[in-house]
Structure formats: structure tokens, C-alpha cells
Amino acid sequence: MKISDSSEKKYSILIADDNQNNLKVLSTMLESLGYRVRAATSGELTIQSVKSMPPDLLLLDIHMPGMDGYEVCRVLKSTEEYNDIPIIFLSALSEVFNKIEAFKAGGVDYITKPFEFEEVSIRIENHLRLKENSIRLQKAIDDLKNKEGMLIQNEKMAALGLLTSGIAHEINNPVNFIMNSVTALEDRINIIVSENRPPDKEMTGDFEELFTNISAGLTQITKIVHSLRLYSRNGSHKTEDADLKEIINSAITIMHHRISYRISLVQHISSLPPIRCQPGKLSQVIINLLSNATDAIEEAIKAGMIEDGTGRIILAADANYDQVKISITDNGAGIDSSIHKKLFDPFFTTKPVGRGTGLGLSICQSIIRDHNGSISIDSAPAKGTSVLITLPLTGV
Amino acid sequence: MDSKAVVLYIDDEKMNLSAFEILFRKTFNVHTTIDIHKAVEIVREGKIDVIITDHMMPVMTGVELLKNIIEIDSSILRIIHSGYIDDPDIQKAAEDGIAHYVLDKPLDKKLILSAIDEYKQSKK
């Protein structure tokens, strides 16, 4: 930042003072430092000037006729567009000057008259630099937030990639019986048309059954598509009052093919009030945890840890007056206590390459924190794992 | 096997059973069941010519079922009908002759008719 380089008159400074002499002295001083300088001679004119073209910094005299400096400062600080303009108060040593009131009104500093060239120069430079830095910081924070959002979405899509073939099968199954039913309908309609006779009793019964099949198949497919849409939309900015039961059910629909064959899933879900949340993200959390539970169970079955060979997942959700608790408990392989502390660390994974990015739980935690909730894990090797989520109903 | 082939169709989705039964009722003598143990019982009765089974099912996979069927009657035509035909278990079952045919879901009616036709010819 080359403030004093007169070749680039980069920063603009507005001086508000009703004393022509002060204006002249300061203008000359600042212009020699390479600033673009404007002046205003009353509180009202200062506000007008800021509104017509916001300066990078404002030097503000306290005592002006009409609106005084404190008032001008308060007005500007209460306007979102202008509240980041640094305001430095000007006061004469002889004047009654209330420093506390000046800072309370939103001033960042003050300079006393008579003006000392070096002091004015350094104070202005410092505050311009501070402002510049805070803008950079804000931009860095915004960038980070965007990147985090992208990371969450990427992880979600990567997880979906692992589920794709299973979901394709989930859709293929109803497609199979819908197609067979349609072919069977076609055969019968051809008979009716070619033989020019009304359907007999058997055919009427078949029609009824075939249409029931087709309609049930379409309902199944619709449910899957609906669940996928809820899951995959990038809901990073969309907060709504949602039905948690529907979010849980959609997650179960997406995970159905992984759970259904060897695992019994028991649900204890009481009636839940609407929760203020980002549904796509909560769905991501539930799917992630169900996926972890399924992996742990498959591992336990392979290792012969489960006596009757049946995996079990208990999914419970219950609401009390202002929060909802969701727990997902499995009888899978469990987690060794030596790694409990690392579970939420980004990129920590115990899964083989290609099965997980190590971001699952870390992202779950970040999503739950964004909803002002908490997530904890209780686990013992060969016994199983229980994940508990607590969310306020007011969520995000 | 001059008359209609007796086909046993097994799937864990009852609408698959219903649609299959209505579709092939005129072509085959169709039996269907959702219950693996019942399927084994039906085969034991000795009337089945063709068995068509899903693979991914609770209790037992289709490949496991076919292995049991071979023990009972190895002359039955064994077909896996699955959406997971790339599954290594299914591929191996086809290579080892545990399944005579592997048919993809959704079902291609012509493929199933020609498979059963071919089998009938070979029995003559």
C-alpha cells in the first residue's frame, strides 16, 4: 500500500470542518501526501457528500453549526453502506472534547489542533491500512466459507458416487415389474382388439393387479427421485422449517439397498415438530452416519464379531420442548478408544482407499455446528457405536 | 417337456412376482414365491423345469439358492435374474455352471423365451 506515493492518488479523504483556515491547512497537508481531498463545511453537507461519493476516510470536526460531529458520526455508523468508513475526530486542545463520546459514536481516533504534519500523516495512514486489512480479512473469510461450502458439496457428491450403483438398482427393480406389467397389459389389449371382444373376468382381474403394480412401482421411483433431489440440491443458502422425519426417511430410502439385505433397521421416531434447518445438509449427515454404521456392521460380520450374524441399526429421534435428539446406534465393529479423539479430524479415515475421503465425520460436525447443535460418539470395539446428535428446533 | 414348462420364479419384491406370473401365465406353468425355504420345498416336489431367481435377497442370495437346488435336482434350468449382473458372485456362478443363464433386469422377454426354448430342445 503506497499511500504517500503522489503518483497514484488512490485514497480519498473528506474533511468536515466549518473553519476555513483548518480546511486549508489540512487540505494542503493531505494533498502533499498524495491523497484526494474534498471538504464539507457543515454536518448536513458532510452526510450529503458521503452519500454522493463515499470517501476512504473522514476527518470530522466536533463543533459545527447545526448537526455536530458526534451526530454525523452516529448517522454514518448506523448506515450499513457507510459504517466501515474510518472516522477520525478533529478537536482543538482548548475545546471541550469528550473522547468517550467520540469513540462511542463510532470514531476510530482523534487528532488535536494545531495539526502536526507527522502525526496527521501517521494516524491517517494507520487507519487506512487497518481498513484495508479488515477488507482483506473479510474477503479471506468469505473465500474460506465458499471453499467450505464447495468441500461439503464435493464430499456429498463423492458419497453419492459410492451409492450410485445401489440406487440404480433401487430404481431398476420397480422398472422391471412396471415393464413386465406393461407388456402383460399390451398382450391382453392386443387380444381384445384382434378378437374384438370385451375382457373376461380373468382379464379384468389381471388389469386391476397390473395397474396396481404399475402405480406402486411409479410411487417407489418417485420416492427415490424425491429423496435424491432433497439430498443433492446445494442447500447451502436455503434454510427452511422442515419435517425431520421426512429428511430421515429420504436418507433411509437412499441407503435402503445397503441396509436392507443383511441389516435390520429399527426406527423409534416420535412425532417431531418442524425444525429450522438446511434439509439437504441434515440429509447428508444422516446418510453419512448410516453409511458408517453399515460399513462397521459389514466389517463385524466378516470378522465374525456378531453372534447371530445379524447387523442391527437403531435410529431414534425424539423432541423435547426446544431441541431434538437423534441417535444412530449399530452393533458393528466399534472404534478403538485410541482413535476416539481423531474421529472428527478432517482426512482421518480407517477405510480403505476409495471408500472414504476421511471428511465424512468432520463435515457432519461442521454441519451440526452450523445448526447450533452438537454431535458425539460413544463406541467400544466389538460392541458397536452410537452417535448422538442434539439440535435446537430453531436450528440455523 | 412337450407341454408348458414349469417355471419357479423367486424374488423378494412381490410385485415382481405378480407381474411375472401374469406376463407368462399363458406361456409357462408359473409358480412364484418370495420365501427361499418355500422355493426349496417346491423344488423337492420334483415338478419344476426352470428356476429363475433374483440374487440380492435377504436370508440367502440367488447364487446360494441355486447351489442348494443343484443338490436336489441338477437337471433344472437355472437362471439368475438380477440388476447386479456384474457382481463377482454372479459372474463366478455363471463361469462355474451354477447358473446356466444370467439375465439382466429389467427383463427382456425374448431372452427368457429363447433360453427356455433352447433348454427344451436340448432335453428332447
Side-chain angles (χ1 to χ4, degrees), chain A residues 163-191 195 199-200 202-221 224 256-265 298 301 308-312, chain B residues 4 7 9-30 32-36 52-65 79-91 102-114 116:
Chain A
L163 296 170
T164 310
S165 78
I167 295 167
H169 180 260
E170 290 287 295
I171 295 175
N172 209 16
N173 199 46
V175 166
N176 183 60
F177 63 76
I178 288 172
M179 273 177 71
N180 284 349
S181 298
V182 168
T183 313
L185 273 180
E186 209 179 359
D187 291 349
R188 279 155 184 77
I189 288 167
N190 283 340
I191 292 171
E195 296 179 6
D200 58 20
E202 186 192 326
M203 250 191 214
T204 312
D206 288 349
F207 280 149
E208 217 166 279
E209 195 169 335
L210 293 168
F211 278 117
T212 306
N213 286 348
I214 292 169
S215 151
L218 292 174
T219 305
Q220 273 185 32
I221 294 172
I224 296 165
H256 179 259
H257 66 283
R258 285 206 60 204
I259 296 171
S260 61
Y261 297 107
R262 294 282 153 108
I263 298 171
S264 96
L265 174 71
E298 280 168 6
I301 290 176
D308 62 358
T310 307
R312 280 182 200 82
Chain B
K4 284 201 275 183
V7 175
Y9 184 77
I10 302 123
D11 198 290
D12 63 341
E13 168 63 71
K14 73 176 187 343
M15 276 165 293
N16 268 327
L17 302 182
S18 151
F20 186 91
E21 198 271 328
I22 299 176
L23 181 58
F24 290 107
R25 190 193 291 149
K26 301 262 187 276
T27 326
F28 311 124
N29 183 349
V30 182
T32 66
T33 180
I34 206 164
D35 179 344
I36 295 270
I52 303 172
T53 177
D54 186 20
H55 177 63
M56 288 290 274
M57 296 181 288
V59 187
M60 199 185 277
T61 66
V63 171
E64 283 164 348
L65 172 67
I79 299 174
I80 292 265
H81 176 40
S82 166
Y84 285 111
I85 57 169
D86 293 332
D87 184 296
D89 287 348
I90 295 182
Q91 293 294 322
V102 173
L103 299 180
D104 200 2
K105 271 184 186 174
L107 183 70
D108 184 333
K109 194 180 166 189
K110 280 185 214 133
L111 275 182
I112 214 153
L113 292 176
S114 72
I116 292 176

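Within every chain, numbering begins at 1; the chains are lettered A, B, ... in the order of the sequence lines, protein sequences first and strands thereafter.
Across every non-hydrogen atom of Pro106(B) and Asn172(A), the tightest pair is CD-OD1, 3.0 Å. For the residue pair Thr61(B) and Arg262(A), the shortest heavy atom distance occurs at CG2-NH2, 3.9 Å. Ala19(B) and Asn213(A) get closest at one heavy-atom pair: N-ND2, 3.6 Å.
Put simply, the side chain of Asn176(A) gets close to the backbone of Leu107(B): a donor and an acceptor are under 3.5 Å apart.
Heavy-atom neighbours of chain A within the stretch residues 82-89 of chain B, taken at a separation under 4.5 angstrom, comprise Gly83(B), Tyr84(B).
Arg25(B) has a carboxylate O that lies under 4.0 Å from a charged side-chain N of Asp206(A), or vice versa, which qualifies the two as a salt bridge.
Taking CG of Leu23(B) as the reference point, atom CZ of Arg188(A) lies at 7.5 Å (rounded to 0.5 Å). Here NZ of Lys105(B) is found 5.0 Å from NE2 of His169(A). Values are rounded to the nearest 0.5 Å. A distance of 12.5 Å separates CZ in Phe177(A) from CD1 in Ile22(B), rounded to the nearest 0.5 Å. The CG atom of Asn180(A) sits 7.0 Å away from the CG atom of Asn16(B) when rounded to the nearest 0.5 Å.
Neither the backbone nor the side chain of Lys14(B) has a heavy atom closer than 4.5 Å to any heavy atom of chain A. In this structure, the portion of Asp187(A) lying under 4.5 Å from any heavy atom of chain B is its side chain and not its backbone. Using a 4.5 Å cut-off between heavy atoms, Met57(B) contacts chain A through its backbone alone, with no side-chain atom that close.
More than 12 heavy atoms of other residues, nucleotides or ligands sit less than 6.0 Å from atom CD of Glu195(A).
Side-chain atoms of Met56(B) and His257(A), non-hydrogen and from C-beta on, never get closer than 4.5 Å to each other. The closest side-chain heavy-atom distance from Glu13(B) to Gln220(A) is below 4.5 Å.
Of the listed residues (Val175(A), Thr183(A), Asn173(A), Thr212(A)), the one with the most heavy-atom contacts under 4.5 Å to chain B is Asn173(A).
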